[in-house]
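None of the values given here were measured: they were computed from a predicted structure. Just so you know, ligand 1 is whichever comes first in the structure, and atom 1 is the first atom listed for that ligand.
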Amino acid sequence: MCRGGAQSEFHARAHAAARRKFGREVFVRGVVEISNFCRENCHYCGMRRDNRSLDRYRAALDVLGEALLHRRPSVVTDINLQAGEDPVAVREVALPLVRLLRRHTKLGVSVCLGTLDPDSYAALREAGASAYILKFETAHTDGYELREGPGTLQERLENIRWLAAHGWFVSSGFIAGLPGETPEDSLESCRLAETLPLTGCSVSPFIPGESTPLAQAPRADIELVLNCMAALRLRRPDWIIPAVSALNIGQPGAGYRRGLAAGANLATINLTPPALREDYLLYQRERFIMDEEHLLASLEAVGLRPSTTGLIRHLESQRTPAPSPLQLA
Ligand code: SAH
């Protein structure tokens with residue numbers, strides 16, 4: 001794996017590729033974690049159904065609506081609704097919240113709600129969500145099975161393709177450095193991402209999750225994560241590649257800034273009501289919470305600035321227009 005001078009040069013090339021396409025602008029999205037109920041049992045994730053140490057919640061619609069309509073930071077152009085795989089929260093929280101955002105704001109809306117059925121996807125689209133984030137977690141089929149990833153890898157990939165074929169902007173993602181995986185396995189995840197009909201892809205460092213079967217496993221090497229991000233950027237100059245907040249674990253501030261300087265072009269501010277945050281347990285209770293102030297400071301440190309154009313707005317502007325009837329004739 002590339003380190004030292006060659007690595008700096010590699011990241012600089014990825015940064016330059018992102019800047020050529022996107023200028024100094026980074027998209028800023030707010031994330032709201034609407035439910036931590038989950039029917040899946042992924043070994044790496046703190047929300048897995050077997051974790052009995054967690055207080056489960058579904059956020060109240062009026063609390064979320066109030067926070068998003070009246071108290072969101074002004075740099076936020078898009079909202080992402082995230083949850084465990086919880087069809088009840090899709091019906092009772094996500095759908096009405098997407099409608100509310102559509103009715104009262106111009107925010108772009110993406111959702112990250114797990115593998116659902118076609119009717120639920122259609123209802124979310126109808127309500128006004130435009131992008132679906134469905135991570136394939138790892139390209140390593142045996143690892144996926146061993147860690148009880150959601151459903152099967154095959155099914156996850158089929159859902160990604162189905163969503164893209166049904167009018168969604170689809171973003172995916174994987175966890176780099178899962179226990180038992182080699183750097184070559186992570187590169188395989190980069191290669192798998194490139195075969196999918198995506199508008200973007202995230203790379204998350206594996207962080208051992210409290211109260212999970214992998215609690216004692218070593219944390220991912222952040223260099224591997226940054227190298228995967230740079231590799232994706234160089235292969236896909238037009239993709240949306242987030243700097244994930246977990247880059248802050250281990251090297252607070254520094255890891256995140258390095259992600260922004262290795263080709264990332266999306267940053268996320270956490271807008272989950274503070275009372276609920278602690279139970280949205282992906283890995284550790286002491287998460288680094290990215291707020292507006294930290295984000296703006298990180299962007300400035302690497303010479304970047306928040307985009308005034310929304311992420312969904314941008315994707316829509318890039319969509320190849322449907323051929324006009326004249327062209328078809
Ligand atoms: N349930 C939804 C979305 C939220 S799960 C879904 O299945 O798509 C949140 C995401 O956090 C997962 O997709 C996974 O990629 C990531 N995650 C969970 N545990 C993690 C860990 N220990 N280290 C790194 N990423 C993790």
Open item on the list: With heavy-atom distances below 4.0 Å as the criterion, list the atoms of ligand 1 near Gly114.
Closed with: 2 (C), 6 (C), 7 (O), 8 (O)
Open item on the list: If you measure every N or O of Glu137 against every N or O of ligand 1, does any of those distances drop under 3.5 Å?
Closed with: yes
TODO: Check whether Val244 and Leu178 end up in the same hydrophobic cluster, where Ile, Leu, Val, Met, Phe, Trp and Tyr are linked by side-chain heavy atoms less than 4.5 Å apart.
DONE: no
- [ ] Examine Cys112 against ligand 1 and note whether any of their N/O atoms are separated by less than 3.5 Å.
- [x] no
TODO: Taking atom CD of Glu66 as the centre, report whether more than 12 heavy atoms of other residues, nucleotides or ligands fall under 6.0 Å from it.
DONE: yes
Open item on the list: List ligand 1 atoms under 4.0 Å from Ile175, heavy atoms only on the residue side.
Closed with: 14 (C), 15 (O), 24 (C), 25 (N), 26 (C)
- [ ] Hey, could you give me the CG/SG distance between Asp50 and Cys38, rounded to the nearest 0.5 Å?
- [x] 11.0 Å
TODO: May I ask you to check whether Tyr44 has an N/O atom sitting below 3.5 Å from an N/O atom of ligand 1?
DONE: yes
Open item on the list: Evaluate Arg156 for polar contact with ligand 1, using N/O atom pairs at a separation under 3.5 Å.
Closed with: yes
Task: Heavy-atom nearest option to atom 21 (C) of ligand 1, drawn from Val244, Ile249, Ile207, Val225 - done: Ile207
Task: Parallel, tilted or perpendicular, as decided by the 30° and 60° cut-offs, for the rings of Trp168 and Tyr121 - done: perpendicular
- [ ] Find all atoms of ligand 1 within a distance of less than 4.0 Å from any non-hydrogen atom belonging to Glu85, and give their numbers and elements.
- [x] 1 (N)
Task: same_hphob_cluster(Leu95, Leu107) at 4.5 Å side-chain heavy-atom cutoff - done: yes
Task: Distance in Å, Asn80 CG paired with Ile269 CD1, rounded so as to fall on 0.5 Å steps - done: 13.0 Å
- [ ] Mark up the atoms of ligand 1 that fall under 4.0 Å of a heavy atom belonging to Lys135, in ascending order.
- [x] 13 (O), 15 (O)
- [ ] Look at atom 2 (C) of ligand 1 and find which of Gly46, Ser202, Ala83, Gly84 reaches it with the closest heavy atom.
- [x] Ala83
Task: Identity and separation of the nearest protein heavy atom to atom 5 (S) of ligand 1 - done: Met47 CE, 4.1 Å
Task: Ring center gap for Tyr256 and His294 short of 6.0 angstrom - done: no
TODO: Please state whether Pro205 comes within less than 4.0 angstrom of ligand 1, counting heavy atoms only.
DONE: yes
Task: Cationic tip of Arg125 above Tyr132 ring, under 6.0 Å, 45° of axis - done: no
Task: Single-linkage hydrophobic cluster Val225~Ile241, side-chain heavy atoms < 4.5 angstrom - done: yes
TODO: Quick one: look at Glu40 and ligand 1, take heavy-atom pairs under 4.0 Å, and tell me if it's side chain, backbone, both or neither.
DONE: neither
